[in-house]
Amino acid sequence: MKKILTLALAALLVMSLSLGLGNITLAEEDKDAPPIKEGGTLVVREAGDPMSFCPSAAADDNGYAMFQNMYNRLTKLDSSKQPVPDAAESWDISDDAKTITFHLKDNMKWWDGEALDAEDVKYTFDYIKEHPTCYFSSSMEIVDEIEIVDPLTVVFHMNTADVSFVARIGWYATFILPEHIYNNGEAWEDNEAAKTKPMGSGPFMFDSYEQGKHTILVKNPNYHDGAPHLDKLIFAIVPDDTTAVQAMFNGEIDTIAMVPDAFLDQMQADPNWRVDRDLYPSPWRYIFNLENEKVQDVAIRQAIARCVDRKEFSEKVTSGVMPPEWTAYPSIVEWAANTDYPYPDVDIEGARKILEDAGYEADKDGFYVRGLTIDCFEGQLVDMTKLLIANCAKAGIEIELIVSEFNAWAEKVVRHGDWIIEAQGGFMGPDPAALKSRFGKDSNSNFGSYINDDFEALLDKGAGETDPEKRAEYYKEAQVYLIDDMPAINVLAWAGYTASRSDLYNLPIDGAGKWGWNEYTYTYYIDE
């Protein structure tokens, strides 16, 4: 496959897939690709055990990479976290954006030889819709009916216009499951296939699992998109980062995500390793609780925004690994991020002037505003927040840091709403429709209780618009409200470095527009 796309083609590909307008086939071979050494075993570090081998019951971080290689979805996310075709080779969206027709690839098979077709798709998503405990169940509320036209054509009839649905089904817990295995009257989580005998359709087949040690997958020689080059994938379970890196140095692990900062320079200087930065639409950010009177004045929020020194925070907290995030929607999704209307740069004097212009007067200690708190869970977010609090003090804003273990933080912030400002990360992709889940008035993820009807109207227009340029305009206009109203402040773009053996080619990070994130179908060892 082509290794390098022109900027124009890449932009067209990402735009068309992001908007669910179909797929572009990249059929040309990579003429510059190094020779293939067929076979071999690849050992991938995994931080923990999967919750189960049913990939569509829950959002399972530890299972995600192995599921990507064991199962198929209608669409899947690539390394840029944008959707590309998977079981669906193409799709059509009606003019009113309420009907999405997926055209499935021919000759797809489950590992036992049974056909994967529209019946499996309908069964999977009907079950998800009917079972609220499934992670994707709430997203299925907009789907009224799933219609089978023929074995290779399935139609989602929706009650709400939402182009972003194509992208969202490429994210968590949307893998197609075999009806002939799962539809036996048992709950998914109780099925034998979820425990000891997984049945998938992906490029690698389940071989064995040993809790706390590894999951072993082997090549599927009959995979519909072509058999993988590798013979075997081993997901080695190594919870400790330092232990995992040492195992890599010892030749026991071939690829590892999220290289610890302490080892990054060493790995980058070693020709035996290839190191790539992987960006995510998951910015570190501060959320204001707009139900708390202490931050209801937008002047206070705007003043705090001018105390954020993104460049300093990036360098001092993440050694530059996580770059500044200047836009209200993550800049990695280039077509949707409003780079013309970014967050303000650090300006301590400007912050003081905002407060003074709003009528605030400094007390005897020089503070215009006192009694604010920021709730933060343990980790690097604490270090970043300490820097913010120091800058706020210079601007005459007193803020106390409250640090909790993650579960205690979630109990306080998410469940009880007992906070003023909080620090968090979290995925805001793969489509800007995610802005509604983060800031929509009826969303459970709108932790700050932001309400703006004009903002929400723009999001609804964007979700129902099939023209790419108009859709981008709606979302960019919506981001202006987020900058002006300042219900939240994006600070750094979440990123980490992935390290792999330098004699590997076609790694998941290389697959933007071509194959899935964490997918090893096309990976091979270079034949020296």
* Apply side-chain contact (heavy atoms from CB on, under 4.5 Å) to the pair Ile256 and Val245, showing each step before the final yes or no. => CA-CA 8 Å; Ile256 181 173; Val245 171; 4.1 Å; yes
* Asked: How about Gln268 and Asp265: do any of their side-chain heavy atoms sit closer than 4.5 Å?
  -> yes
* Ile402 side chain near Cys376 side chain, heavy-atom distance below 4.5 Å -> no
* **By side chain to side chain donor-acceptor pair (under 3.5 Å) - contacts of Glu291 (at least two apart)** => Ser449
* Asked: CD of Glu293: more than 12 outside heavy atoms within 6.0 angstrom?
  -> no
* Asked: Have Ser80 and Gln82 got a donor and an acceptor in their side chains that come within less than 3.5 Å?
  -> no
* Asked: Is the NZ atom of Lys412 crowded by more than 12 outside heavy atoms at less than 6.0 Å?
  -> yes
* To do: Can you sort out the partners of Asp60 under salt bridge (Lys or Arg N to Asp or Glu O under 4.0 Å), two or more places apart, ordered by chain and number?
  => none
* To do: State whether a side-chain donor-acceptor pair under 3.5 Å links Tyr368 with Asp363.
  => no
* Can Glu465 and Lys461 be counted as an ion pair, charged N to O under 4.0 angstrom? -> no
* Ignoring hydrogens and geometry, is there a side-chain-to-backbone donor-acceptor pair from Asn338 to Lys476 under 3.5 Å? -> yes
* Using a distance-only test with no angle check, is there a side-chain donor-acceptor pair under 3.5 angstrom linking Tyr64 and Asn62? -> no
* Would you check if the side chain of Arg438 reaches a backbone N or O of Ser445 as a donor-acceptor pair within less than 3.5 Å? => no
* Determine which pairs satisfy side-chain hydrogen bond (donor to acceptor under 3.5 Å, both in side chains) with at least one residue from residues 378-397, sequence neighbours left out, and list them in order. => Tyr286-Thr385
* **Donor-acceptor side-chain pairing of Thr160 and Asp162 below 3.5 angstrom** => no
* **Enclosure of Asp357 CG (heavy-atom neighbours >12, cutoff 6.0 Å)** => yes
* Would you tell me whether Thr327 and Glu325 have side-chain atoms, one donor and one acceptor, within less than 3.5 Å of each other? => yes
* To do: State the CZ-CG distance between Phe67 and Asn72, to the nearest 0.5 angstrom.
  => 14.0 Å
* Nearest 0.5 Å, what's the CD1-CG distance between Ile169 and Leu74? -> 4.5 Å
* To do: In plain terms, say whether Asp240 and Arg45 are close enough for a salt bridge, that is, a side-chain N and a carboxylate O under 4.0 Å apart.
  => no
* Go through the steps to decide whether Met322 and Trp494 satisfy the test side-chain contact (heavy atoms from CB on, under 4.5 Å), and finish with yes or no. => CA-CA 6 Å; Met322 293 177 56; Trp494 207 86; 3.6 Å; yes
* Asked: Can Lys316 and Asp309 be said to form a salt bridge (Lys or Arg N to Asp or Glu O under 4.0 Å), step by step?
  -> CA-CA 11 Å; Lys316 288 187 176 180; Asp309 191 336; over 6 Å; no
* Which is it for Val369 and Ile399 under the side-chain contact (heavy atoms from CB on, under 4.5 Å) test, yes or no, and what are the steps along the way? -> CA-CA 9 Å; Val369 178; Ile399 303 179; over 6 Å; no
* **Check: Gly440 main-chain N/O paired with Asn446 side-chain donor or acceptor under 3.5 Å** => yes
* Arg301 side chain to Asp485 backbone, donor-acceptor under 3.5 Å -> yes
* Look at the side chain of Glu46 and the backbone N and O of Gly63, then say whether any donor-acceptor pair between them is shorter than 3.5 Å. => no
* Any donor-acceptor N/O pair, Ser404 side chain to Trp409 backbone, under 3.5 Å -> no
* Any donor-acceptor pair under 3.5 Å linking the side chain of Ser443 with the backbone of Ser437? -> yes
* Asked: Do Arg501's NZ or CZ and the ring of Trp273 fall within the cation-pi criteria of under 6.0 Å and 45°?
  -> no
* Asked: Looking at side-chain heavy atoms only, is the closest gap between Val308 and Val346 below 4.5 Å?
  -> no
* Charged N-O contact under 4.0 Å between Lys436 and Asp460 -> yes
* **Partner set under side chain to side chain donor-acceptor pair (under 3.5 Å) for Lys441, not counting sequence neighbours** => Asp453
* Ion pair Arg274/Asp503, N-O distance below 4.0 Å -> no
* Should the pair Asp86-Lys76 be classified as a salt bridge under the 4.0 Å nitrogen-to-oxygen rule? -> yes
* What do you reckon, are the aromatic ring centroids of Trp326 and Tyr343 less than 6.0 Å apart? -> no
* State whether the side chain of Tyr329 and the backbone N or O of Met428 hold a donor-acceptor pair below 3.5 Å, judged by distance alone. => yes
* To do: Using modelled atom types only, decide if a donor and an acceptor are shared between the side chain of Glu141 and the backbone of Ser137 within a distance under 3.5 Å.
  => no
* In Å, rounded to the nearest 0.5 Å, how long is the span from OG of Ser164 to CG of Leu435? -> 10.5 Å
* Using the benzene-type ring in the case of Trp, are the ring centres of Trp171 and Phe136 under 6.0 Å apart? -> no
* Atom pair OG1 (Thr174) and CZ (Phe165), whose distance is rounded to the nearest 0.5 Å -> 9.0 Å
* Which residues pass the ring-ring contact (aromatic ring centres under 6.0 Å, His included) test with Tyr524, sequence neighbours left out? -> His229, Tyr505
* To do: Output yes when Glu398 and Arg370 qualify as a salt bridge under the 4.0 Å nitrogen-oxygen rule, no when they do not.
  => yes
Give every donor-acceptor pair under 3.5 Å between a side-chain atom in residues 417-425 and any protein atom, sequence neighbours left out.
unit_1: Trp419; atom_1: NE1; unit_2: Val413; atom_2: O; d: 3.3
unit_1: Glu422; atom_1: OE1; unit_2: Gln424; atom_2: NE2; d: 3.3
unit_1: Glu422; atom_1: OE2; unit_2: Gln424; atom_2: NE2; d: 2.6
unit_1: Gln424; atom_1: OE1; unit_2: Arg285; atom_2: NE; d: 3.4
unit_1: Gln424; atom_1: OE1; unit_2: Arg285; atom_2: NH2; d: 3.1

* Asked: With a 4.5 Å limit on heavy-atom distance, are the side chains of Leu492 and Thr318 in contact?
  -> yes
* Pi-cation contact, Trp517 with Lys81 (under 6.0 Å, within 45°) -> yes
* Asked: Does Asn250 reach the main-chain N or O of Gln246 with its side chain, forming a donor-acceptor pair under 3.5 Å?
  -> yes
